[in-house]
Structures are given as structure tokens and as C-alpha cells.
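Below is one structure, written out as C-alpha cells, with a few remarks after it.
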There are 2 protein chains.
Amino acid sequence: MAAKKNKQTPDFNTEQKIKAAARLVFHKKGFAAARTRDIAEEAGMNLALLNYYFRSKEKLFQLIMFEAIAGFMQNMGAVFNDENTSLEKKVELIAEKYIDLFIMEPELPLFVMSEIRSHGAEILEKLPTVNTIMQSAFIKQYQKAVKEGKITEPKPLHFIMNLMGMIVFPFIGGPMLRKVGKLNDRQFNKLMQERKKLIPIWVKAVLKAK
Amino acid sequence: MAAKKNKQTPDFNTEQKIKAAARLVFHKKGFAAARTRDIAEEAGMNLALLNYYFRSKEKLFQLIMFEAIAGFMQNMGAVFNDENTSLEKKVELIAEKYIDLFIMEPELPLFVMSEIRSHGAEILEKLPTVNTIMQSAFIKQYQKAVKEGKITEPKPLHFIMNLMGMIVFPFIGGPMLRKVGKLNDRQFNKLMQERKKLIPIWVKAVLKAK
DNA sequence: GTCTATAACGTGATAGAC
DNA sequence: GTCTATCACGTTATAGAC
């Protein structure tokens, strides 16, 4: 605390400003379409600063991408592997955490999926969770429930596709859905809030469908 | 029929070759990351030909984009507006047509969604169906079923999100899902084939969930 | 119609003054 | 640390020979 440093830009320094601007522009346009000049302008400063702080567009992108992936992971991993929560509870937690995340950063899902398409393997390598999902507590619980006849669809992958589809698609198709339903941002977000409660109910019905 | 023309490249002319190559490259990389040189090389010919036939990268892209959108539409529109098929039948038709389409062109959904993000409004204007969905026979049937107590969720938009999410997400997240489930292309496509039958069943369960 | 060579331009990155 | 000016390079597009 004490006294503020007597520098020109006190609280949010330029490095943070550039990073915030980079996140915005990269998420919105993707790596290839984003121009370093866009980012500099968005940050309200000169292009040269970007290279001064981050060396290159590529380096800056890696940073933003890593944080985006980390955002995806921190939710997933812990929930999936917790042996002390039921399958139902896990679904509730995943729906709630992801929808909250995507309401805050609506461009995140499409950004990550698009960049995986381009940079493919390199990015997927950085997702350790991806390799462990099929051994998680979640999967074991699912398979147990199948054996006990509580679930009709035997393949957990179908279930994951359904759950993630219901959660992610509205954000991927956001612009189109706003147009279809003539929704403004507030109305759209309200729908997403509803889905936090509804998805677990729907998913439970799917599990017992036949 | 008669005799073939005595030209060098008989059946598939260069224009078609370039278009096919452009579709491949644009779908895979998106507009910004795609280079005209990539397209020319993919078509097995020189860069100059591309400009000779299509004037510019932008023009060629517009063409590919338009066809991609048309692919989306021709399925949608007719099915949604047919007053002589039941709600259940419509779901079956949509699931089947879209999954067949996406198995043939797996990059299509992510391509269209990504480019809508970048080019936004301009592209959505070209989707007349988008504006008419909420007045379609499909929606009227849905609302009627809600009134009759056959459906618990009153908002058709939630239903559309769920249906499209289940259909589209596996292709959007294809690379990730292959990794998660350690699936090769054949196994992945087999899963998608299964989903053609399963999605209508699941969706029916969702409609009655409470 | 198809090619090679090159022009015209946009973008990422750096030099150097302040 | 921050700016302006500029370089270096890759990419789109075109000119012109064949």
C-alpha cells in the first residue's frame, strides 16, 4: 500500500492493457485475421510497444491462447475427477461453471475451436485433461449407472457430446440465434441463465430415454 | 455425348478445379489464413489462373461462402415449413440431413460460424430463412404442443438450441473429441451415424422432461 | 488459357530520437 | 518506456510472353 509509485501509468500498466486488448481482438477475429495494429489501437497506444513487451505477434498469441485453454481446463478437470459428487451434481456444476464463463467471454468457445482447427495438434497437446477424461471418475460413474440399468445409452462419449453441445452451441451460434429470436444481449444472457437450471433436467431425461 | 472436345483438360475444367480447391482450403483455414497460393497449389496449377477466372480472392471467397450457406439453407427451410409432417418427423429429417451433410463436409459448420463472427452482418443478411424460422410451421406446431401439455419447455428457441447443439457440436469439436475418445475417422463417422437415430429419441425425451 | 516475372500493397518488426 | 519513421517480407494481383 503506502504511497503510489510516481510513474505515469499507475494502476493498469501498459503491459496489462496490451494483453487485455490482445485478448479482445484475438478472441473476436482469430490469429490470422487479427492485426497487431488492431491490438495496439484497441489498447490506445503504439504498435511498437507491443513488440517491446511481447517480442512478437506469435508470442503474444501463445500467451492469450494458453490462458484461454487454462480457462477451459480449471473447470473441467476438478469436477470430472471428483469421486465424492454424483453424476447429477457433476452435470449441474459443469453447466453452471461453463455458462457463467461463456457469458463473461462469449467469444471463447469459437476462438478455441477455430484455433484448434488451424494449429491442431500443437494446441491439443497442451490439453492434458483431454487424455484423461476417459479414465475420470465421471466415466466410471457413468459406466456403473449403465450396468445398473439407470442409463440407456451405453457410450459416455454420446453423453458428453450432448451435454457440451447444449452448453456450447448457443455461444458458437450466438450471432445467428440472436437474429433468429430477435434478441438483444440482455435477453440472450437471460436465456443462458435459464439454461443453467434447465440443462441438468434435460440431460437427466436423455439418460433415461429409450 | 458424341465425341469429346479435343481440349487438353476434358471433363473437369480448371474453373471447377479451382473452385473445389478453394472450397477445401477456405473451409479448412478460413478466409484470413487461406492464401491464394495454397488454393492454386491444391488445384495443381498456377496462381495467375485464379485471378483469371475469379478476379480476386475476395470474389472467390464470396462464391464459396454463398454455396456453403445455400447448403445449410436448402435443408432447413423446406423441412421447417412443411405443414404436413409432424414435429417428430421434422426432427428426424433435420438430424438425418444435417449429419449426412456434415459427414461429407466436416469443416462446414465451423467454417460458417467462424466467418459469421468476422463478417457478421453481411453474411447473416444472406440468410433469409433466419428471419422466417420463428414464423414457420415448426414453431406453430411446437407452440400448439405446449398448449396441449405435451411439451414442458415453452420456449421453442431452447429446443432449437438443444437440437442443433446435439447435431452440430460433434463436428465443431471434432478434433478434440477424436482425441478424447481416441477415435479414427471411421470410428468417428460411425458414432455420427448412430446419432442420426439417437438424437430424435433423446430430443423426444427432452420435450417431456420436467 | 496458361505460364513467368514483377508490380503494388499490407503487415510484422525494428531503429533511433526523445 | 514511448513515440515516429522505416525496413523487410509475404501476399495479392497484373502485365506480357507463349
Side-chain angles (χ1 to χ4, degrees), chain A residues 3-66 111 114-115 118-119 122, chain B residues 3-66 114-115 117-119 122:
Chain A
K4 274 186 187 174
K5 287 204 232 142
N6 60 351
K7 283 288 178 68
Q8 308 89 316
T9 40
D11 300 277
F12 288 104
N13 59 34
T14 57
E15 186 171 347
Q16 288 171 312
K17 278 188 206 163
I18 294 173
K19 229 171 97 174
R23 179 159 42 243
L24 205 76
V25 175
F26 278 138
H27 282 204
K28 195 169 189 128
K29 309 224 245 183
F31 176 77
R35 296 177 312 154
T36 52
R37 284 174 168 82
D38 297 335
I39 296 171
E41 190 185 0
E42 178 68 39
M45 59 190 57
N46 194 280
L47 186 162
L49 273 297
L50 191 150
N51 290 292
Y52 176 77
Y53 282 101
F54 299 95
R55 242 187 80 83
S56 75
K57 177 187 182 184
E58 179 71 28
K59 284 274 203 305
L60 181 52
F61 176 76
Q62 301 284 0
L63 205 70
I64 300 300
M65 192 54 179
F66 182 80
F111 169 67
S114 296
E115 296 304 327
S118 321
H119 301 68
E122 302 104 277
Chain B
K4 277 186 186 175
K5 288 205 228 135
N6 60 351
K7 283 288 181 67
Q8 307 87 317
T9 39
D11 300 279
F12 289 103
N13 59 32
T14 57
E15 186 171 348
Q16 289 171 312
K17 276 188 205 162
I18 293 173
K19 229 170 98 175
R23 180 160 40 244
L24 204 76
V25 175
F26 278 137
H27 282 203
K28 194 168 188 130
K29 309 223 245 183
F31 176 76
R35 297 177 311 154
T36 51
R37 282 174 168 83
D38 297 335
I39 297 171
E41 190 185 357
E42 177 69 40
M45 59 191 56
N46 194 281
L47 187 162
L49 273 297
L50 191 151
N51 291 294
Y52 175 77
Y53 282 101
F54 298 95
R55 241 188 81 81
S56 75
K57 178 187 179 182
E58 180 70 30
K59 284 274 202 305
L60 180 52
F61 175 76
Q62 300 284 0
L63 204 72
I64 300 299
M65 192 54 183
F66 181 81
S114 296
E115 296 304 327
R117 172 181 59 166
S118 321
H119 300 67
E122 303 103 276

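What's counted below: heavy atoms across the whole structure, side chains too, no hydrogens, waters or symmetry copies. Proteins get letters first, then strands, A, B, ... in listed order; numbering begins at 1 in each.
What separates CD of A:E58 from C1' of C:dT11 is a distance of 15 Å, to the nearest Å. B:D38 places its CG atom 8 Å from the P atom of D:dT11, with the value rounded to the nearest Å. Rounded to whole angstrom, the span from the CD1 atom of A:I39 across to the P atom of C:dA13 amounts to 10 Å. Here the P atom of nucleotide C:dT11 and the CZ atom of A:R37 are 7 Å apart, to the nearest Å. For the pair B:N51 CG and C:dT2 P, the interatomic distance rounds to 14 Å; values are reported in whole Å. The interatomic distance linking A:F54 (CZ) with C:dT14 (P) rounds to 15 Å, in whole Å. As a whole-Å value, the separation of B:Y52 OH from C:dT2 C1' is 9 Å. One can place CD1 of A:I18 at 14 Å from P of C:dG12, the figure rounded to the nearest angstrom.
Checking the phosphate oxygens (OP1, OP2) of D:dA13, no side-chain nitrogen or oxygen of B:T36 falls inside 4.0 Å. When the side-chain nitrogen and oxygen atoms of A:Y53 are compared with OP1 and OP2 of D:dT2, one or more of them lie within a distance under 4.0 Å.
Between the CZ atom in B:R37 and the CG atom in B:N46 there is a gap of 9.5 Å [rounded to 0.5 Å]. Rounding to the nearest 0.5 Å gives a distance of 10.0 Å between CZ of B:F61 and CD1 of B:I39. The distance from atom CG of B:L60 to atom NZ of B:K19, rounded to the nearest 0.5 Å, is 9.0 Å. Rounding to the nearest 0.5 angstrom, the gap separating the CD atom in B:E115 from the CE atom in B:M65 is 6.0 Å. How far NZ of A:K59 is from CG of A:N51: 11.5 Å, rounded to the nearest 0.5 Å.
The side chain to side chain contact (heavy atoms under 4.5 Å, CB included) test applied to A:T36 returns A:L47, A:L50, A:K57, not counting sequence neighbours. The side-chain hydrogen bond (donor to acceptor under 3.5 Å, both in side chains) search around B:Q62 returns B:E58, B:K126, not counting sequence neighbours. In this view, B:L24 and B:E42 satisfy the side chain to side chain contact (heavy atoms under 4.5 Å, CB included) rule, not counting sequence neighbours. The salt bridge (charged side-chain N to carboxylate O under 4.0 Å, His left out) check on B:R23 picks up B:E67, with sequence neighbours excluded. Residues satisfying the side-chain hydrogen bond (donor to acceptor under 3.5 Å, both in side chains) test with B:Y53, not counting sequence neighbours, are B:T14.
Residues of residues 41-50 of chain A having a heavy atom closer than 4.0 Å to DNA chain C, listed by number: A:L47, A:A48. DNA chain C lies under 4.0 Å from at least one heavy atom of each of the following residues of residues 25-35 of chain A: A:A34, A:R35.
Among the atoms of the strands shown, only primed sugar atoms or phosphate atoms (P, OP1, OP2) are found under 4.0 Å from some heavy atom of B:R55.
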All N/O donor-acceptor pairs, side-chain side in residues 26-34 of chain A, below 3.5 Å, sequence neighbours left out:
from  : atom 1 : to    : atom 2 : distance (Å)
A:K29 : NZ     : A:D38 : OD2    : 3.3

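Taking five base pairs at each end of the helix from C:dG1-D:dC18 to C:dC18-D:dG1, the local helix axes there meet at an angle of 10°, rounded to 10°.
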